[in-house]
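Below you'll find the structure, written out as C-alpha cells, and then a few comments.
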Amino acid sequence: MAIEIERKFLVCSTSYRKEAISEKRILQGFLNTHPERTVRIRVMGDEAYITVKGKSNVAGTSRFEWEQSISIAAAEALLQLCEKGVIEKIRFEVPVGNHIFEIDEFSRENTGLVVAEIELAEEDEHFVKPTWLGEEVTGDIRYYNSNLSKNPFQTWN
C-alpha cells in the first residue's frame, strides 16, 4: 500500500515512440468506479493485476493505491464482471532524465487520445519536460481511465 504521486499530460507528437524502451498492450476494466474508490482489473502483456485506488487529493496529483498480481485466468474471469466500457491501449515506457514516462495510446472508443503519466517521489519534484509533452491534465477527471471507460474520448465535443 502506498500513496501514488503522478502527473498527467496530453502528448503533442509521436516522437516518443523512437525513445521508447518497451511497448505493451493493456486491457483493463473496472469492477467499481465510485468517486471515492476504483477497483481495476488489468492485463498487461503476460501479467495481470487487481488495483484499488482511493480518491485523489484536491490537485489530483496523489491518491492511495494498492495493487496485487493475479493470474491471467483470474483477470480474464474478472474482466467479465466489470462495468461496461473495457479500455484497450498500448503503453510505451520512455526514459527522460531520471524518470520514466508512461505514454498510453488508446484504442476502441478512445482512439485518438494519447496521454503521458509520470510518477514522482514528491508533488513538487522537478522533472525534465520532453518536447512531445503537451498540456497538463492532472486532476482533470475526464482523463481518468475509470471515466474514459464510461465517457469515451470519441464521444466528447
Side-chain angles (χ1 to χ4, degrees), residues 2-30 33 38 40-67 69 72 75-76 79 82-157:
I3 298 297
E4 172 190 56
I5 301 171
E6 72 179 13
R7 290 176 62 186
K8 194 176 286 205
F9 299 83
L10 298 179
V11 175
C12 56
S13 84
T14 59
S15 61
Y16 61 86
R17 288 182 184 165
K18 64 180 179 280
E19 303 166 30
I21 57 171
S22 74
E23 178 181 334
K24 290 184 180 170
R25 177 180 175 263
I26 295 177
L27 192 64
Q28 69 184 34
F30 293 88
T33 56
T38 59
R40 175 183 74 201
I41 303 300
R42 174 182 278 174
V43 176
M44 183 165 56
D46 59 356
E47 300 174 16
Y49 304 91
I50 183 169
T51 307
V52 178
K53 292 190 177 201
K55 184 178 179 177
S56 294
N57 68 352
V58 174
T61 53
S62 63
R63 61 184 170 169
F64 169 86
E65 180 181 84
W66 174 86
E67 186 168 78
S69 264
I72 297 285
E76 289 173 348
L79 281 169
C82 285
E83 297 174 359
K84 186 179 178 213
V86 172
I87 288 183
E88 189 171 343
K89 57 190 177 179
I90 302 294
R91 170 163 291 169
F92 297 85
E93 289 186 327
V94 180
V96 178
N98 296 324
H99 295 90
I100 301 279
F101 278 89
E102 295 176 337
I103 295 97
D104 291 340
E105 292 183 3
F106 290 83
S107 56
R108 296 186 180 188
E109 296 85 6
N110 289 296
T111 296
L113 180 61
V114 182
V115 175
E117 293 181 353
I118 183 171
E119 288 200 21
L120 303 169
E122 299 174 12
E123 288 197 29
D124 60 352
E125 182 178 351
H126 173 77
F127 60 93
V128 176
K129 293 183 179 175
T131 57
W132 42 261
L133 203 62
E135 175 189 354
E136 183 164 6
V137 294
T138 301
D140 186 336
I141 62 169
R142 294 178 302 164
Y143 295 97
Y144 287 15
N145 284 278
S146 57
N147 186 64
L148 290 169
S149 68
K150 293 188 256 182
N151 301 301
F153 182 67
Q154 291 190 343
T155 65
W156 299 6
N157 289 334

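Residue indices begin at 1 and follow the sequence shown.
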When rounded to the nearest 0.5 Å, the distance separating CD of Glu76 from CD1 of Ile41 is 12.0 Å
For a quick check under 3.5 Å, do Thr61 and Asn57 share a side-chain donor-acceptor pair by atom type?
yes
For Gly29 and Leu79, which heavy atoms make the closest approach, and how far apart are they?
N-CD2, 3.4 Å
Supply the atom-to-atom distance Phe106 CZ to Ile26 CD1, rounded to the nearest 0.5 angstrom.
8.5 Å
Can you tell if the side chain of Ile118 reaches within under 4.5 Å of the side chain of Leu133, non-hydrogen atoms only?
no
Between the NZ atom in Lys150 and the NZ atom in Lys84, the distance rounded to the nearest 0.5 Å is 12.5 Å
Taking every heavy atom of Gly97 against every heavy atom of Val128, the minimum-distance pair comes out as CA-CG2, 4.3 Å
Non-hydrogen atoms of Trp132 and Ser15 that approach each other most closely:
CD1-OG, 3.4 Å
Would you say Thr51 and Arg40 are linked by a side-chain donor-acceptor pair, where the criterion is simply a distance under 3.5 Å?
yes
Residues in ring pair (Phe, Tyr, Trp, His ring centres under 6.0 Å) contact with Tyr144, at least two apart in sequence or another chain:
none
Quiz question: by atom type and distance under 3.5 Å, do the side chains of Glu117 and Tyr143 form a donor-acceptor pair?
no
Does the side chain of Pro130 reach to within under 4.5 Å of the side chain of Phe101, using non-hydrogen atoms?
yes
Can you confirm whether Ser13 sits close enough to Thr131 that some side-chain heavy atom of one is under 4.5 Å from a side-chain heavy atom of the other?
no
Among residues at least two apart in sequence or on other chains, which ones pass salt bridge (charged side-chain N to carboxylate O under 4.0 Å, His left out) with Lys55?
Glu36
If you compare all heavy atoms of Trp156 against all heavy atoms of Asn151, which two are closest, and at what distance to 0.1 Å?
NE1-O, 3.0 Å
Measure the shortest side-chain to side-chain distance between Ile3 and Phe64 over non-hydrogen atoms and say whether it is less than 4.5 angstrom.
yes
Between Thr155 and Glu109, is there a side-chain donor-acceptor contact under 3.5 Å, judged purely by atom types and distance?
no
Gap separating the NE2 atom of His126 from the CG atom of Leu120, nearest 0.5 angstrom:
11.0 Å
Heavy-atom closest pair, residues Glu19 and Pro95:
O-CD, 3.6 Å
Donor-acceptor pair between Glu83 and Ser149 side chains, under 3.5 angstrom
no
Could you check whether any side-chain N or O of Thr138 sits under 3.5 Å from a backbone N or O of Lys8, counting only pairs where one atom can act as donor and the other as acceptor?
yes
Return all side-chain donor-acceptor pairs below 3.5 angstrom for residues 87-94, not counting sequence neighbours, or 'none' if the list is empty.
residue : atom : partner : partner atom : Å
Glu88   : OE1  : Arg108  : NE           : 2.8
Glu88   : OE1  : Arg108  : NH2          : 3.1
Glu88   : OE2  : Arg25   : NE           : 3.0
Glu88   : OE2  : Arg25   : NH2          : 3.3
Lys89   : NZ   : Asp104  : OD2          : 2.9
Lys89   : NZ   : Asn145  : OD1          : 3.1
Arg91   : NE   : Asp104  : OD1          : 2.7
Arg91   : NH1  : Glu102  : OE1          : 3.4
Arg91   : NH2  : Asp104  : OD1          : 3.4
Arg91   : NH2  : Asp104  : OD2          : 2.9
Glu93   : OE1  : Ser22   : OG           : 3.0

Heavy-atom closest contact (Phe153 atom, Asn110 atom, distance):
N-OD1, 2.6 Å
Flag if over 12 foreign heavy atoms under 6.0 Å of CD1, Ile72:
yes
Gln154 and Thr111, any side-chain heavy atoms less than 4.5 Å apart
yes
Between Glu105 and Arg17, is any pair of side-chain heavy atoms under 4.5 Å apart?
yes
Euclidean distance, Arg42 CZ relative to Glu67 CD, rounded to 0.5 Å:
7.0 Å
To the nearest 0.5 Å, what is the distance between CG on Asn147 and OG1 on Thr38?
11.5 Å
